Amino acid sequence: MRVFDRALGNGRSIRVRWTDRTDGDMAIGAASSEQDESRNAVTDRRWVWLEQVHGDRCIDCDEVGVDAAIGAEADAVVTAQFDLALAIHTADCVPIALWSEDGVLGAMHAGWRGLEVGIIESCVQLLRTKSSNPISAVIGPSIGPECYEFGEVDLERLSAKFGPSVRSLTTDGRPALDVRCGIRNELARLNVTIVYEDDTCTSCDHRLYSFRGRGESGRQALVVWSESA
Ligand SMILES: [Zn+2]
């Protein structure tokens with residue numbers, strides 16, 4: 001499990017954790033008492049997880065209520081509540097934790113589809129309705145461009161929208177998408193400060209689950225919550 005902690009000015013601290021294979025399979029379909037134990041080993045706060053669908057919907061957990069938010073079809077969630085942990089499950093897509101300086105939290109799942117339809121803007125804007133303070137982000141591990149061969153037509157469209165730097169090459173020289181780069185560009189455009197980025201490739205690093213690299217159905221989780229420091 002990887003750990004990121006950051007003290008806020010208001011006496012609280014942000015905790016971000018991202019799991020690997022040794023922490024257990026966090027895939028939603030695998031829900032079991034074993035998984036409850038795996039989740040509790042990360043944090044015993046209540047996990048708000050989503051039925052991720054590669055769309056642009058972001059849920060305000062405080063608006064819809066925790067019970068409705070858990071398992072909702074959405075790719076991002078925000079909350080100002082202190083007793084919840086927001087969780088994103090991924091294999092190759094990019095998990096992102098967000099927070100405002102006064103402790104409003106966000107978590108999102110951003111693959112290339114989510115990036116293209118605007119999940120990042122949708123989550124950042126919703127968070128801004130709950131806090132006018134600066135927003136920071138931690139980006140978890142995802143598939144690297146060297147392993148992410150991509151079709152020329154899709155690449156052309158994404159590079160027109162998110163900048164030519166999203167174009168990359170695989171290890172063997174084929175056109176590839178640097179999805180992390182697109183996400184960095186989008187967060188920068190939205191004035192969000194990236195304070196940490198894990199650039200481990202899920203396909204290259206066998207400690208992580210990868211659908212694209214190994215056809216695995218398992219998922220790692222990125223989880224964010226806050227605690228009184
Ligand atoms: Zn790789």
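Each ligand, and each atom within it, is numbered from 1 in the order the structure gives. Quick caveat, the model's predicted, so the values are computed rather than measured.
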Item to check | Cluster overlap M26 with Y209, hydrophobic side-chain contacts below 4.5 Å | outcome: no

Checklist entry - Is there an N/O/S atom in D205 at a distance below 2.8 Å from the Zn ion (ligand 1)? => result no

Checklist outcome for this item: At the Zn ion (ligand 1), SG of C147 and SG of C201 open up to roughly (10° bins) 120°

Checklist entry - Are the charged groups of R15 and D5 less than 4.0 angstrom apart, N to O? => result yes

Checklist entry - Are D60 and K130 close enough for a salt bridge, meaning some N to O gap below 4.0 Å? => result yes

Checklist outcome for this item: the Zn ion (ligand 1) -> E146, closest N, O or S atom is OE2

Checklist entry - When you measure from the side chain of Q220 to the backbone N and O of A91, does any donor-acceptor pair fall under 3.5 Å? => result yes

